[in-house]
Amino acid sequence: MIVAPKIRGFICTTAHPQGCAKHVAQQISVVKNRGPIANGPKRVLVIGSSTGYGLSSRIAAAFGCNAATVGVFFERPSEGDRTATAGWYNTAAFEKEAQAAGLYARSFNGDAFSDAVKTEVIEAIKADLSQVDCVIYSLASPRRVHPKTGEVFKSVLKPIGEVFTNKNLNTTNGAVTEVSIEAVQGDDIAQTVAVMGGEDWEMWIDALLDAGVLAKGVQTVSYSYIGPEVTWPIYKNGTIGRAKEDLEHVQRKLDAKLAGIQGKAWVSVNKALVTQASSAIPVVPLYISLLYKVMKDMDIHEDCIEQMDRLFRERLCSGNPQPDETGRLRLDDWEMKPEVQAIVAERWAQVNTENLAEFGDFAGYQSSFLRLFGFGLDGVDYEADTDPSIAIPSVVVSE
Ligand code: NAD
């Protein structure tokens, strides 16, 4: 079949297997071109490993640190003429490249919030690697079934206190419009914290620690975002911001729990980038379009892979992690440079549909979005007949 993008709002319902493989190969090249990462972890568990920051973390660990990796994600294989999700194809490609490089890679497709997946992963670590030296927690999900109570929580992206009105980008047609988002109601905050806060990260670390599969000196990292003031009502000071505060609270708890094995928990504040998760947040895509233009013009633009390479190379493995005053790693340091933010703020005030191409990088936004699903990559024949059914070597699909 011919696989073409089918975009519905902020999601693309198709993915291109060869395009996703190319995207993974390009990320591997970025890491390899920077050379091996010294003193890196050799056995790494990545929770949320199939797309975005988690995929790039797995690639940086494997191809930078030469690490054996275990990946956990929630993706859908192909079914008849329906393509698999991008994260499925990304993982199939990752495993193939890892195998070719002689690197252990094992993947688990299931609900990371569940006890069953935790148990399965722990058994695999025990059997194959004995322990892990690093645990990356990179889940982004709209819902969570609580493993103990069965309660279903749904996260929302809402401001707290009052309605938030600001500029917004229609990422399909490039129109700059205005959006108003109603403030939280009922238990919206608690629901969002239950999904995107730190409870599940803590449950993972507790389970791994109890099973004795965390090595001495283990590091665990979870990802957060802060961003500029224009996005604060919907991000930092909104429901998702409350969940990220909870993550920092859990990070301090985990530090204490891991002290006995000289382990360390981190929250890494990463750069705003086009991913499946971030494209769903109102206001943020317009900010990202303006940000990309400024950072590309200054030659300091990074994508997920450059960010994650820098996380391992310069922070986790360098012996000099450079935390900020509250103990967070700041990979958003280049994004938050005053000279970057001053231009973005000035353009934010002026941007409209007519001048978006001049002030922002909408073309860059769109091409980054399509690349997430394997479209628009050089060297891929998009007219060619493509078989959507690709296997992930280590994942058994039950019929
Ligand atoms: P993403 O949507 O690209 O990746 C999410 C991952 O979680 C995928 O691998 C998906 O399969 C997995 N997942 C979701 N639900 C799951 C479940 N129930 N069980 C198992 N796996 C599941 O998202 P992303 O943007 O890479 O976000 C990862 C983290 O990085 C989040 O904490 C996010 O807040 C943070 N972050 C993102 C940005 C950004 O701009 N994208 C910036 C800073 C921090």
Side-chain angles (χ1 to χ4, degrees), residues 10-12 15 20 23 45-59 71-76 84-91 94 107-118 120-121 136-147 152-155 157 192 195-198 200-201 203-204 221-227 231 235-236 238-241 243-244 246-248 250 267-281 283-285 287-288 291-292 302-305 307-308 311 328-332 335-336 365 368-369 371-373 392 395:
F10 51 78
I11 55 165
C12 179
C20 289
H23 193 204
L45 167 62
V46 182
I47 302 154
S49 66
S50 54
T51 57
Y53 273 117
L55 171 66
S56 298
S57 306
R58 191 175 192 186
I59 292 172
V72 184
F73 48 82
F74 212 3
E75 302 292 348
R76 202 194 58 231
T85 50
W88 180 275
Y89 292 139
N90 290 339
T91 306
F94 172 85
S107 307
F108 293 86
N109 187 34
D111 182 7
F113 296 127
S114 70
D115 285 344
V117 165
K118 290 181 178 75
E120 216 185 323
V121 168
I136 301 291
Y137 188 86
S138 185
L139 289 189
S141 173
R143 73 195 279 282
R144 171 175 174 227
V145 180
H146 196 280
V152 179
F153 295 102
K154 289 186 180 145
S155 78
L157 293 157
T192 308
V195 180
M196 289 299 287
D200 183 59
W201 183 25
M203 284 180 167
W204 267 101
V221 192
S222 187
Y223 299 141
S224 185
Y225 182 65
I226 296 176
T231 65
Y235 203 100
K236 179 175 166 288
T239 47
I240 181 75
K244 296 301 183 187
D246 185 59
L247 214 57
E248 289 186 32
V250 165
V267 166
S268 173
V269 183
N270 299 344
K271 179 191 177 191
L273 282 171
V274 183
T275 65
Q276 293 186 40
S278 72
S279 46
I281 309 175
V283 181
V284 167
Y287 167 70
I288 289 182
L291 179 74
Y292 274 25
E302 295 177 296
D303 218 321
C304 288
I305 193 60
Q307 281 266 296
M308 295 300 93
L311 172 69
R328 299 171 299 210
L329 301 178
R330 300 299 296 267
L331 273 298
D332 65 340
E335 169 183 357
M336 298 315 291
Y365 184 95
S368 293
F369 180 76
R371 287 166 66 83
L372 298 178
F373 304 93
I392 299 176
V395 173

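As the structure lists them, so they are numbered: ligands from 1, and atoms in each ligand from 1.
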Go through ligand 1 atom by atom and flag the ones less than 4.0 Å from a non-hydrogen atom of [X].
X      : answer
Asp111 : 17 (C), 18 (N), 19 (N)
Gly48  : 6 (C), 7 (O), 9 (O), 12 (C)
Leu139 : 7 (O), 12 (C), 13 (N), 20 (C), 21 (N), 22 (C), 31 (C), 32 (O)
Ser141 : 15 (N)
Ser138 : 5 (C), 6 (C), 7 (O), 28 (C), 29 (C)
Ala272 : 40 (O)
Gly52  : 3 (O), 26 (O)
Tyr235 : 34 (O)

Does any N or O of ligand 1 fall below 3.5 Å from an N or O anywhere on [X], backbone included?
X      : value
Thr275 : yes
Val72  : no
Met196 : no
Glu75  : yes
Phe113 : no
Gly54  : no
Ser50  : yes

Closest approach of any protein heavy atom to [atom], naming residue and atom:
atom                    : value
atom 42 (C) of ligand 1 : Lys271 O, 3.2 Å
atom 44 (C) of ligand 1 : Ser224 O, 3.1 Å
atom 30 (O) of ligand 1 : Tyr223 CB, 3.5 Å
atom 40 (O) of ligand 1 : Leu273 N, 2.9 Å
atom 20 (C) of ligand 1 : Gly110 O, 3.2 Å
atom 38 (C) of ligand 1 : Tyr53 CE1, 3.5 Å
atom 14 (C) of ligand 1 : Ala140 O, 3.2 Å
atom 4 (O) of ligand 1  : Thr51 OG1, 3.0 Å

* **Under 3.5 Å: donor-acceptor pair, side chain of Thr275, backbone of Ala277** =>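 Confirmed, Thr275 side chain pairs with Ala277 backbone.
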* Examine ligand 1 and decide if any of its atoms is less than 4.0 Å from a heavy atom belonging to Arg144. =>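 Contact check Arg144 vs ligand 1: negative.
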* To do: Please assess Thr231 against Tyr225 for the test side chain to side chain donor-acceptor pair (under 3.5 Å), listing each intermediate value before the final yes or no.
  => CA-CA 11 Å; Thr231 65; Tyr225 182 65; 5.0 Å; no
* **Residues forming a ring pair (Phe, Tyr, Trp, His ring centres under 6.0 Å) with Phe153, sequence neighbours excluded** =>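 With neighbours one apart ignored, the set is empty.
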* **Which segment of Ser49 sits under 4.0 Å of ligand 1 when only heavy atoms are counted** =>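 The backbone, only.
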* Asked: Heavy-atom contacts under 4.0 Å between Ser222 and ligand 1: side chain, backbone, both, or neither?
  ->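 The answer is neither; Ser222 stays 4.0 Å or more away.
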* **Closest candidate by heavy atom, reference atom 21 (N) of ligand 1, pool Trp201, Phe74, Phe108** =>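 Of the listed residues, Phe74 has the closest heavy atom.
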* From the candidates Met308, Arg76, Lys244, the one that places a heavy atom nearest atom 34 (O) of ligand 1 ->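 Ranked by closest heavy atom to atom 34 (O) of ligand 1, first place is Lys244.
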* Euclidean distance, Phe373 CZ relative to Thr51 OG1, rounded to 0.5 Å ->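 One finds 8.5 Å between OG1 of Thr51 and CZ of Phe373.
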* Asked: If you measure from CD1 on Ile392 to OG on Ser50, what distance do you get to the nearest 0.5 Å?
  ->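 OG of Ser50 is found 8.5 Å from CD1 of Ile392.
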* In chain order, what residues pass the side chain to side chain contact (heavy atoms under 4.5 Å, CB included) check against Glu302, with sequence neighbours excluded? ->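 Applying side chain to side chain contact (heavy atoms under 4.5 Å, CB included) to Glu302 gives Lys271, Glu306, Gln307, Arg310, Trp334.
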